[in-house]
Each structure stands twice: as structure tokens, then as C-alpha cells.
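Encoded as C-alpha cells, the structure appears first; notes follow it.
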Amino acid sequence: MTPTLRTERLLLEPYVPADEDDFVALFQDTGVSRWMGDGPSSEPEDRALFGRVFTKVYAQDLFAVWAVRRDGLLIGHAEIKRTDVVDGHEIVYALAPSAWGCGLGTELAQAVVAHGFGALGLTEVHATVAAANEASLALLHRIGFEHMRDIEEDDGSTTRVLTRRR
């Protein structure tokens, strides 16, 4: 079950059905979605993704997925999940552009990493980040992640694999 986490300014908690429109708005923002998964999706695809959070991820307790709130408003998304790309657990995080530039990304990533090391008992946590996503790469380096290797994608782009050890 996805636990509730608190930081100084953020509340990470499981999504509720009423979050659907805010979730879709976050994922429809191309400034956010360009760095998520395979990039921007259609609105119906994002609504289906939101539905799968409940019908698959939460229902089968597959991994932790959080709605990220500040002052009661949904401003982001976070996950920690097993992935074969790194043969370990990967953190995923996204914030709405209105929340950029004030340290919330760092606070969010640190909370998810701490959950991995604490509650999940992991000895290392990974992140896969597009090489062009300089802001996220800088954030991860600041909180102790180290570049391990690069993956050449089918479209010619590069994904960086970073790891933080306990």
C-alpha cells in the first residue's frame, strides 16, 4: 500500500478519484510530459493511465504512486518502482511548472529516496533521465546520485542512468 509521506512543504499521498482532472492536466502539460515515459500522450491515454493507478497499481499493490500536494493542491506526481532497466528500484517524479525553481523538486526526490532506503530497505535507488533534461540531472547530482551509464534510445536520444547508494 502506498504510504503517506510528509516533507516540510509537501504531502505525498495516494491519489483519490477526484484527482483525475488535475492528474490529466499535469500529464498534458508538455513541459512536464516531455520528460515522462515516452513523452506526451493524448488526453484519453492519460485518463486511462490514471484509471490503471487504481485498477492495477493500487489494486495489486504493485508499487508506490503518490499525488504530490502543496497547500492542498495537486502539484506533482511521484513513484518508486522496480524496473528491469537497472535491475533495481527507480524513482519517478514530476512537478507542475508553477512549482519549479523553489526547491520542491529536491524536497520531493529526497522524500522518495528516503522512503526507498527506509521503508523498502533498499541499498541503492536509481533514476533514468533524458540527457537533455538538465534540470533533473542537476537536481539528482545535488542529492547524491552518480552517473552510471548511458542508454542509446531507438530515436537516437540518450537516457542517463544514475544511482544513489545508501
The test is side chain to side chain contact (heavy atoms under 4.5 Å, CB included); show your working for E90 and V85 and say whether it passes. CA-CA 9 Å; E90 172 183 32; V85 173; 5.8 Å; no
On a heavy-atom basis, the closest approach of A130 and L137 is O-CD1, 3.9 Å
Measuring from L74:CG to E20:CD, what's the distance to the nearest 0.5 Å? 12.5 Å
After noting the C-alpha distance and the side-chain angles of K81 and L62, does the key distance pass the side chain to side chain contact (heavy atoms under 4.5 Å, CB included) rule? CA-CA 8 Å; K81 61 185 177 182; L62 296 179; over 6 Å; no
Just checking Q60: does its CD atom have more than 12 heavy atoms from other residues, nucleotides or ligands closer to it than 6.0 angstrom? yes
If you look at every heavy atom in L12 and A78, which pair is closest and at what distance? CD2-CB, 4.5 Å
Given the rule in the side chain to side chain contact (heavy atoms under 4.5 Å, CB included) test, do L140 and I91 qualify, once you have shown the distances and angles that lead to the verdict? CA-CA 11 Å; L140 291 167; I91 66 168; 4.1 Å; yes
For Y15, all residues meeting ring-ring contact (aromatic ring centres under 6.0 Å, His included), sequence neighbours excluded: F23, F50, H77
Transitively linked via ILVMFWY side-chain contacts under 4.5 Å: L108 with L11? no
Indicate yes or no for a side-chain donor-acceptor contact from E43 to the backbone of A25 under 3.5 Å, with no hydrogens or angles considered. no
Establish whether L5 and V113 are linked, either directly or via other cluster members, by ILVMFWY side-chain heavy-atom contacts under 4.5 Å. yes
Does D21 pair with R47 as a salt bridge, N-O distance under 4.0 Å? yes
Closest contact, heavy atoms only, R9 versus R70: O-CG, 3.5 Å
In terms of hydrophobic clustering (I, L, V, M, F, W, Y; side-chain heavy atoms under 4.5 Å; direct or indirect links), are V161 and L139 co-clustered? no
Could you tell me whether D84 atom CG has more than 12 heavy atoms of other residues or ligands within 6.0 Å of it? no
For A94 and V32 the tightest heavy-atom approach is CB-CG1, 3.8 Å
ILVMFWY network linking W35 to V24, side-chain heavy atoms under 4.5 angstrom: no
Please find the pair of heavy atoms, one from H115 and one from W66, that lie closest to each other, and give the distance. CD2-CH2, 3.7 Å
S41 and F27, any side-chain heavy atoms less than 4.5 Å apart: no
H141 side chain vs I143 backbone, donor-acceptor pair below 3.5 Å: no
Are there over 12 heavy-atom neighbours, none belonging to E153, within less than 6.0 Å of that residue's CD? yes
Please round to the nearest 0.5 Å and tell me the distance separating atom CG of D46 and atom CG of D29. 11.0 Å
Establish whether M36 and L104 are linked, either directly or via other cluster members, by ILVMFWY side-chain heavy-atom contacts under 4.5 Å. yes
Quick check: does any side chain N or O of S42 sit under 3.5 Å from a backbone N or O of E45, one acting as donor and the other as acceptor? yes
Drop me the distance from E79's CD to Y93's OH, to the nearest 0.5 angstrom. 13.0 Å
Gap separating the OG1 atom of T83 from the CZ atom of F63, nearest 0.5 angstrom: 10.0 Å
For F117 and L122, the nearest pair of non-hydrogen atoms, with its separation, is CD2-O, 3.3 Å
Please determine, by modelled atom types, if E152 and T158 share a side-chain donor-acceptor pair under 3.5 angstrom. yes
Assess the residue pair I75 and L10 against the criterion (side chain to side chain contact (heavy atoms under 4.5 Å, CB included)); give the C-alpha distance rounded to whole Å, side-chain angles, the decisive distance to 0.1 Å, and a yes or no. CA-CA 9 Å; I75 62 160; L10 299 174; 3.8 Å; yes
Between D19 and R69, is there a side-chain N and carboxylate O pair less than 4.0 Å apart? yes
Pairwise distance CG(D61) to OG1(T2) - rounded to 0.5 angstrom: 7.0 Å
H126: partners by ring-ring contact (aromatic ring centres under 6.0 Å, His included), with sequence neighbours left out: none
For a side chain to side chain donor-acceptor pair (under 3.5 Å) check, start with the C-alpha distance between T163 and E124, then their side-chain angles and the critical distance, and finish with the verdict. CA-CA 7 Å; T163 300; E124 60 184 22; 5.5 Å; no
Result block: side-chain N/O donor-acceptor pairs under 3.5 angstrom for residues 96-103, not counting sequence neighbours:
unit_1, atom_1, unit_2, atom_2, d
W100, NE1, L95, O, 2.8
W100, NE1, A96, O, 3.4

